[in-house]
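Quick caveat: nothing in here was measured; it's all calculated off a predicted structure. This chain uses plain numbering: 1 for the first residue, then up along the sequence.
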Amino acid sequence: MEERMNIKKFVQVLKRRYKTILVAFLSLFILTALTATYVMKPTYEATGTILVGTLKKDEGGRGEINMLLASSVDLLKSPIVLNDVKKKVNFNGDLEESLSVQNNKDSQIINVVVRDSDPEIAKLLATTISDTAVKYMKESFSVDDIQVLNATGVEPERVGSLAINLGIGFIVSLFFGIGMAMLREDLDDSFKDSKEIEEILGLTILGNINLKQRRRNYSYLQEPSYESKVTKNRNRGEVRV
């Protein structure tokens with residue numbers, strides 16, 4: 001019963017503070033929409049695929065392949081490979097934040113994922129990192145069964161969309177508006193209706209007095225003006241000054 005009453009009060013607060021909700025919602029949503037449209041740059045993702053070892057059904061060399069996979073992942077993230085790639089493509093940004101290496105369990109495929117605001121740069125980095133890493137793997141591990149599967153077929157894809165960003169902004173703005181309404185309600189110490197007074201004082205209210213002044217027409221009580229008196233006297237054939 002108490003939970004039902006709380007929900008009822010919550011709905012009453014939303015109805016009473018609908019202007020606050022609307023203003024706060026529109027302010028934040030418009031700001032979010034402008035930021036997503038004109039400030040935030042689109043992000044593109046390019047993926048390079050590396051095959052480590054030969055795909056065979058025998059399990060004899062599975063332990064060696066797992067060690068080779070772990071070593072390959074560590075080498076891909078190492079400064080040796082990343083610094084070499086920066087020199088080759090003349091990249092001055094933070095490559096470690098743009099790069100992510102993915103390898104599923106019991107899989108001999110390593111995905112080199114690079115994100116950037118420029119699709120061509122993302123494609124160039126993914127291809128260069130894959131080729132450079134494979135070269136170091138063959139030299140360091142003395143293994144020839146390592147190759148880049150999509151050496152020439154890396155195609156960047158756009159990550160996220162404007163519609164998703166606007167949807168997230170809509171939800172966040174709505175909760176922000178409701179939060180502002182609840183904050184105003186909590187900071188307002190005035191009584192909203194007679195029921196609140198009854199709950200606080202524990203007394204029964206016998207009646208209400210409306211203190212709002214209503215506009216009344218007192219024109220029939222006002223004394224006629226000087227011009228109206230002259231007009232009436234002229235109609236009667238009399239002129240008084």
Practice problem: Please collect all side chain to side chain donor-acceptor pair (under 3.5 Å) contacts where either partner lies in residues 18-30, sequence neighbours excluded, each pair once. | Solution: Thr20-Arg184
Self-check item: Residues Lys77 and Glu96 bridged, charged N to O under 4.0 Å
Solution: no
For [X], which residues count as a side-chain hydrogen bond (donor to acceptor under 3.5 Å, both in side chains) partner, sequence neighbours excluded?
| X | answer |
| --- | --- |
| Ser98 | none |
| Asp84 | Tyr136 |
| Lys135 | none |
| Thr43 | none |

Partners passing side chain to side chain contact (heavy atoms under 4.5 Å, CB included) against [X] (at least two apart in sequence or in another chain):
| X | value |
| --- | --- |
| Glu97 | Asp94 |
| Ile171 | Phe175 |
| Thr32 | Leu28, Ser173 |
| Asp186 | none |

Residue pair [X] / [Y], side-chain heavy-atom distance below 4.5 Å:
| X | Y | value |
| --- | --- | --- |
| Leu99 | Val113 | no |
| Leu75 | Ser72 | no |
| Leu95 | Leu125 | yes |

Could you give the side-chain donor-acceptor pairs of residues 156-167 under 3.5 Å, partners two or more places apart or in another chain?
{"unit_1": "Ser161", "atom_1": "OG", "unit_2": "Ile164", "atom_2": "N", "d": "3.4"}
{"unit_1": "Asn165", "atom_1": "ND2", "unit_2": "Ser161", "atom_2": "O", "d": "3.3"}

Quiz item: Got a sec, which residues hit ring-ring contact (aromatic ring centres under 6.0 Å, His included) with Tyr44, two or more places apart in sequence or on another chain?
Solution: none
Practice problem: Test Val52 against every option in Val73, Asn66, Leu69 by the side chain to side chain contact (heavy atoms under 4.5 Å, CB included) rule and name the one that passes. | Solution: Leu69
Quiz prompt | Pair Phe176 + Phe29: ring centers closer than 6.0 Å | solution = no
Quiz item: Quick one: does Thr128's side chain have a donor or acceptor within less than 3.5 Å of a partner on Leu124's backbone?
Solution: yes
Self-check item: Main-chain N/O of Asn111 paired with Gln102 side-chain donor or acceptor, under 3.5 Å
Solution: no
Quiz item: Does any pair with a residue in residues 39-50 pass salt bridge (charged side-chain N to carboxylate O under 4.0 Å, His left out), and if so which ones, sequence neighbours excluded?
Solution: Glu45-Arg115
Exercise. Would you name the heavy atoms of Leu174 and Phe25 that are closest together and state the gap between them?
Key: N-CD1, 3.5 Å
